[in-house]
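Since the structure comes first, as structure tokens, the remarks are kept for the end.
Basis for what follows: all heavy atoms, side chains included, without hydrogens, waters or symmetry-related copies. Just so you know, ligand 1 is whichever comes first in the structure, and atom 1 is the first atom listed for that ligand. What you see is a predicted model, and the numbers here were worked out from it, not measured in a lab.
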Amino acid sequence: MNSVGLSAVVPCYNEEASLPELYRRLTDACRLAMGDNYEIVLVDDGSMDATWGMIHSLSIEDDHIVAVKLARNHGHQIALSSGLEICRGDRILVIDADLQDPPELLQPMLKVMEDGADVVYGQRTERKGDIWFKRITAAAFYRLLDRLVETDIPKDTGDFRLMNRKVLSVLLDMPERHRYIRGMVAWAGFNQVAFPYARDERFAGETKYPLKRMLSLSADAITGFSVRPLKLASYLGFIFGAIAAMMIFYTIGQWLFFETVSGWTSLITVVLVLSSVQLLVLGVIGEYLGRLFIESKQRPMFIIDRVVVGGVESSYSARIEDRDAAKSDPLTKRAAE
Ligand code: UDP
Ligand code: MG
């Protein structure tokens, strides 16, 4: 397979304002670290602005650019997955289009990889660009996830990371549609090393992660890695069972020794508490059931409209076949196992 030394994979959604600067800085960083031996995979995730036009022209000017156009907006994690599937690098840098993660860190991250790391993940020491609400909710979420999930998913870590082909092969073998890629990489194991860095402000435009998407990513993270919320029903059952037992004694005591006309307050309280708990638990079960339903349909994870390399239409399947051929090479295969 004609592999390259490094692939940088960038999901882009309405990023026309950041793209020229991203292209310039990322190309400089790749050249500095790899010379000519790199590719940049720019995935247009169904943008509504000039993003695809720009990516397409870049691919005509520069044959290091692999331009991928998805058929519609699939969301960050899936757009990223499609780029990872298509890329051919021995080492893979995952980076956002908005320059919050400085491309210049590529070289120091490669150094850490040379020292034996399989994954070098960026860990945010500072979040310059983010408003207080995002900082607080993000911090709370990472801590909640840590308590719920058996896999050790590093805190304050996004998708900005460098990994080698061995780890990527494991990742590509995971077929799930609800993807929390940073967690899936952590789950793979191998030698993962943190790389502390200060996260910059967004170069241009606005965040594409409104609260709704953040919540849905959080739900994917938790349900993707933990079944503990399902056990909530049993825990609550125990607690309320104990309370109910005490209340039976109390009621009998009341009936034996006092007048028992009143009771409306306690009755309503019990009804309210129990019905809300039941709804909560049903909701948790629903979250898992919904995901099982989506997975059971076995639909393709993403739909690629076009892939353009060096201005020329290239077939997506050719890239995948190349990758599969490399996989059946006994050496690479053993590394992937
Ligand atoms: N993105 C994408 N599809 C989407 C939303 C976002 O490909 O539906 C890309 C976006 O262009 C950016 C990256 O995902 O490169 C991260 O998004 P963003 O910077 O808006 O998230 P934040 O840094 O605010 O969490
Ligand atoms: Mg961003």
Handout entry: Heavy-atom check, side chain of K134 versus side chain of T207, under 4.5 Å
Key = yes
Fill in the blank from the handout: re atom 9 (C) of ligand 1, the protein heavy-atom contact at minimum distance is P11 O, 3.7 Å
Problem - Y38 and T27, any side-chain heavy atoms less than 4.5 Å apart - result: yes
Practice task
Run the salt-bridge test on R291 and E295 with the 4.0 Å N-O cut-off and return the result as yes or no.
Solution key: no
Exercise for the section: Could you tell me whether ligand 1 has any atom less than 4.0 Å away from a heavy atom of K134? Expected result: yes
Exercise for the section: Work out whether the distance between some heavy atom of R202 and some atom of ligand 1 is less than 4.0 Å. Expected result: yes
Completion exercise
for atom 11 (O) of ligand 1, nearest protein heavy atom and its distance come out as E15 OE2, 2.6 Å
Practice task
For D156 and Y142, test the side chains for any donor-to-acceptor distance below 3.5 angstrom and give the result as yes or no.
Solution key: no
Practice task
Examine the side chains of D118 and N191 and answer whether a donor and an acceptor come within less than 3.5 Å of each other.
Solution key: no
Handout entry: Interfacing atoms of ligand 1 (cut-off 4.0 Å, heavy-atom, D45)
Key = 2 (C), 3 (N), 4 (C), 7 (O), 8 (O)
Exercise for the section: State whether the shortest distance between N or O atoms of A97 and N or O atoms of ligand 1 falls below 3.5 angstrom. Expected result: yes
Completion exercise
The protein heavy atom nearest to atom 19 (O) of ligand 1 is D98 OD2, 2.6 Å
Practice task
List every atom of ligand 1 that sits less than 4.0 Å from any heavy atom of C12, numbering the atoms from 1 in the order shown and giving each element.
Solution key: 7 (O), 11 (O)
Handout entry: Any Q77 heavy atom less than 4.0 Å from ligand 1
Key = no
Problem - Contact check: D96 to the Mg ion (ligand 2), N/O/S below 2.8 Å - result: no
Practice task
Return the name of the atom in D98, of element N, O or S, nearest to the Mg ion (ligand 2).
Solution key: OD2
Fill in the blank from the handout: Residue, atom and distance of the protein heavy atom nearest atom 8 (O) of ligand 1 read R213 NH1, 2.4 Å
Practice task
Please determine if the Mg ion (ligand 2) has an N/O/S atom from T207 lying under 2.8 Å away.
Solution key: no
Practice task
Give a yes or no on whether a salt bridge exists between D90 and R165, defined as a side-chain N under 4.0 angstrom from a carboxylate O.
Solution key: no
Practice task
Could you check if a side-chain atom of E15 sits within less than 4.5 angstrom of a side-chain atom of M54, using non-hydrogen atoms only?
Solution key: no
Problem - Ligand-residue contact atoms, ligand 1 with T207, heavy atoms, under 4.0 Å - result: 20 (O), 21 (O), 22 (P), 24 (O)
Exercise for the section: Considering only non-hydrogen protein atoms, determine which one is nearest to atom 17 (O) of ligand 1 and report residue, atom name and distance to 0.1 Å. Expected result: Y209 CD1, 3.9 Å
Exercise for the section: Taking the side chain as every heavy atom from C-beta outward, state whether L84 and V94 have any atom pair closer than 4.5 Å. Expected result: yes
Problem - Salt-bridge contact E21-R24 (side-chain N to carboxylate O under 4.0 Å) - result: yes
Practice task
Specify the protein heavy atom at minimum distance from atom 23 (O) of ligand 1: its residue, its atom name, and the distance to 0.1 Å.
Solution key: Q100 OE1, 2.6 Å
Practice task
Using a strict 4.0 Å threshold on nitrogen-to-oxygen distance, state whether D36 and R31 make a salt bridge.
Solution key: yes
Practice task
Mind telling me whether Y209 and H76 have parallel, tilted or perpendicular rings, with 30° and 60° as the class edges?
Solution key: perpendicular
Problem - Within-4.5 Å side-chain heavy-atom neighbours: V170 and V167 - result: no
Problem - Residue D96 vicinity, atoms of ligand 1 by number, heavy atom under 4.0 Å - result: 13 (C), 15 (O), 16 (C)
Exercise for the section: Note the single closest protein heavy atom to atom 6 (C) of ligand 1, along with its residue, its atom name and the distance in Å. Expected result: K208 CB, 3.5 Å
Completion exercise
Among non-hydrogen protein atoms, atom 1 (N) of ligand 1 lies closest to Y13 CB, 3.7 Å
